[in-house]
There are 2 protein chains.
Amino acid sequence: MAKNNDNKTITIYDIAKEAGVSPSTVSRVLTNNANVRPEKRERVQALIEKYNFRPNALAKGLSDTRSRVIGVLMADIRNPFYSTVYVACEDAALARGYRVILCCSLGEIDREVEQLDILKQQSVEAIIQIGGSVDAVITESTYIKKAKEITRQLPIITSGKIDDVPCYRVGIDAREAVRLLTEHLLDLGHERIALAGGRLDVISTFEKYMTYCDILKSRGISVNKRYVFEGGYDYDAGYESVKEFMAMKEKPTAIIAINDFCAAGVIRRLVEEGYRVPEDVSVVSYDNTYIANLLFPKITSIDYDYDTLGKMLADTAIDVANGENLPSFRSVTPHLVVRESSGERR
Amino acid sequence: MAKNNDNKTITIYDIAKEAGVSPSTVSRVLTNNANVRPEKRERVQALIEKYNFRPNALAKGLSDTRSRVIGVLMADIRNPFYSTVYVACEDAALARGYRVILCCSLGEIDREVEQLDILKQQSVEAIIQIGGSVDAVITESTYIKKAKEITRQLPIITSGKIDDVPCYRVGIDAREAVRLLTEHLLDLGHERIALAGGRLDVISTFEKYMTYCDILKSRGISVNKRYVFEGGYDYDAGYESVKEFMAMKEKPTAIIAINDFCAAGVIRRLVEEGYRVPEDVSVVSYDNTYIANLLFPKITSIDYDYDTLGKMLADTAIDVANGENLPSFRSVTPHLVVRESSGERR
DNA sequence: TGCACATTTGCAATCGGTTTCATTAATTCA
DNA sequence: TGAATTAATGAAACCGATTGCAAATGTGCA
């Protein structure tokens, strides 16, 4: 791909000719592991540097058995949660000599199915999928069908779970996350704790819900279903939830938002209705994206240690691709970041 | 890349054999443009569907003269401005049958230089670069050197400007953006308008600054240099700027933040010091990312119509790659989105 | 010095497509 | 119906690397 002054793409053949050796020798210098007489190696190396030669990645990928590329399929890279995980994955992959290809499904199931094919076409060695169909309890059958087909050929690593499809799970310890948040609030004296946003047909959300129920019960607090507002994972879900919560006689004194976007909506509506955060109502959330730090008040949120998560995802992908036998489920431990949005019940 | 039941990757040769035709014919069916007898075409097509066959992208890229891939090099995909532009670019590219490869430099010049090589290695037909060295007036010489080398071989499309390197510019009409914001504030009665964040050695920031000066002068208002706070493009820059501004005798009554992050810092500090936004101080910003909508108050910001920008970038890249003669500078027209953070001077 | 053995090296096949070119089959039209 | 023309097809070269294998060169030791 490097070009000489004539602007022609130069190849190992050109280097070989000028160095007076065979292309194989140049290739051996490039791949570094074969044994080449030092004198020739230097001669070739000098030309590589002279022309700033880089071997064509497509040709290399074709001839190698290993493409050294892993695919990352996410719901939407514009969401800071995903982009943070993506960058962490990429860093970890790069550290092991792998490249990463990004695909976004943008919530469209057809696109998601299509992306799996596209990644396969690119000869990726494994696919990391975060968000999208893998998170839904009842997954679209076209997706399942395609995922099954794919997993016969290359491993899928996911934070979710695909029915009937064997894949490696690298997730977040959702139970621990809920525990941290719920007990934080209980410790502050809150008992009327509401849940804002998220759909219960999404596995991680469902797990969170169940754990929330368990914890309350274990503390002798009965679960009030009206304190659970199902909705999306966005600002609006949070905003709408508060309309309902604060219209109740027994208003919640604390709200757990499904993510930082949702928390922003919750806080907005609370402020609009004249409540103060955290004096009147505490608000906490999951994900601890940079948004948690941008809002006023800054939000108490659950952090997942994205570098660790990304590394776990990438390492699993690469290890599995190399045939290593790994546990099919690993998870990262969340921790609580206390900020300004949660306080003692008054 | 599709595999049959034996889990072996199948190729056009397999399809050809089973269909009783030559690989060339299968290829013709695949590329669609050659003429193949309908009967055979159908026979081949049926097998393609049966096995869900997709031609290997690496092989295709290697044999084709056109790779139909463009590279996108950005500063940091975790920044909503970049991720929004990226998705828009990808969409536009996809619509024209092109794929996109993402690289992030994360602010490291070495990485940025390296990425140019990596993209070249991938046989991209053009590189779109937004953010990073292309934005700096005095660009690192290692970068310039590499960029020069690259542009001899493939076009670079950028929102910035690289000294001495011929590239296609697709930008934002910065002067118009400043005009919209400044006149909006002037119309609201503000005269003491401050600038928070951004470095003047960044072209777009410098352009904004110059235009700001021009507009104030044309209205007979003298420019107070103390109203210009240079800094980064983040929350902290905004936060720090307000410390200085509000310590002055003649405090500004309106602040233009260099982006939404910066605006968040500005507002935060204002609130901490007991000022209300917009009653006491108006705050506006550039970029109109979703952050502008999340904050309280919602921020009046400049929108760039990201879909149009993305399309302009991708179209330029593809057109230039195809040898079309385009104007070397095109720009998108910004517009003002008025929200809650700006109001009449009291 | 000569022979056995270890290193280097190049040839040629391969990865999986596309495309040119020559050949063959199908049409068109007088 | 047969010659001229056009459409369909396959063989083979090519894209730019890697790698198995055999040949060539170098080394060690008796």
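The chains referred to below are lettered A, B, ... by the order of the sequence lines, with proteins before strands, and numbering in each begins at 1.
- Judged by distance alone, with hydrogens and angles left aside, the side-chain atoms of A/Thr84 form a donor-acceptor pair with the main-chain N or O of A/Pro80 at under 3.5 Å.
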Kindly give the atom pairs (protein nitrogen or oxygen, nucleotide nitrogen or oxygen) under 3.5 Å for nucleotides 6-11 of chain D.
unit_1 : atom_1 : unit_2  : atom_2 : d
D/dA8  : OP2    : B/Asn35 : ND2    : 2.8
D/dA8  : O3'    : B/Arg37 : NE     : 3.2
D/dA8  : O3'    : B/Arg37 : NH2    : 3.2
D/dT9  : OP1    : B/Arg37 : NE     : 3.4
D/dT9  : OP1    : B/Lys40 : NZ     : 3.1
D/dT9  : OP2    : B/Arg37 : N      : 2.8
D/dG10 : OP2    : B/Ser22 : N      : 2.9
D/dG10 : OP2    : B/Ser22 : OG     : 3.1
D/dG10 : OP2    : B/Thr25 : OG1    : 2.7
D/dG10 : N7     : B/Arg28 : NH1    : 3.3
D/dG10 : O6     : B/Arg28 : NH2    : 2.6
D/dA11 : N6     : B/Ser24 : OG     : 3.1

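- Residue contacts for A/Thr31: at a heavy-atom cut-off of 4.0 Å it reaches the sugar-phosphate backbone alone, with no base atom in range.
- Across the interface with DNA chain D, nearest-nucleotide mapping of B/Ser63 and A/Val26 shows B/Ser63 to be the residue nearer the 5′ end.
- Checking D/dA17, C/dG16, C/dT18 against the side-chain heavy atoms of B/Leu62 singles out C/dG16 as nearest.
- In this structure, A/Gln122 atom CD and C/dG17 atom C1' are separated by 14 Å, rounded to whole Å.
- Note: CD (A/Gln121) to C1' (C/dG17) measures 12 Å, nearest angstrom.
- Between the CG atom of B/Asn56 and the P atom of D/dG16 there is a distance of 16 Å, given to the nearest Å.
- When atom types are taken as modelled, the side chain of B/Arg169 and the backbone of B/Ile157 share no donor-acceptor pair closer than 3.5 angstrom.
- Formation of a donor-acceptor pair under 3.5 Å by the B/Arg96 side chain with backbone atoms of B/Asp319 is not found in this model.
- Under the 3.5 Å distance criterion, the side-chain polar atoms of A/Thr158 are matched with a main-chain donor or acceptor of A/Gln129.
- A distance-only check finds a donor-acceptor pair linking the side chain of B/Glu125 to the backbone of B/Arg68 [under 3.5 Å].
- A/Asn322 places no side-chain N or O within donor-acceptor distance of the main-chain N or O of A/Glu324, the cut-off being under 3.5 Å.
- Look at OH on A/Tyr13: it is 12 Å from P on C/dA12, rounded to the nearest Å.
- Nearest to the side chain of B/Ile12, among D/dG16, D/dT18, C/dG17, sits C/dG17.
- Taking B/Arg43 as the reference, B/Glu39 meet the salt bridge (Lys or Arg N to Asp or Glu O under 4.0 Å) condition, with sequence neighbours excluded.
- Rounded to an integer number of Å, the gap from CG of B/Leu58 to C1' of C/dG17 is 10 Å.
- Not one side-chain nitrogen or oxygen of A/Thr11 sits closer than 4.0 Å to the OP1 or OP2 atom of D/dG16.
- Note: A/Ile128 CD1 to A/Tyr168 OH = 13.5 Å, rounded to the nearest 0.5 Å.
- Listed for the A/Asp91 side chain is no donor-acceptor partner under 3.5 Å among the backbone atoms of A/Ala88.
- Remark: P of D/dC15 and NZ of B/Lys60 are 19 Å apart, rounded to the nearest angstrom.
- Two end axes, each from the C1' atoms of five base pairs, can be drawn for the helix from C/dT1-D/dA30 to C/dA30-D/dT1; they diverge by 40°, to 10 degrees.
- Between the CG atom of A/Asp64 and the P atom of C/dA13 there is a distance of 20 Å, rounded to whole Å.
- The distance from atom CG of B/Asn32 to atom P of C/dT19 is 13 Å, rounded to the nearest whole Å.
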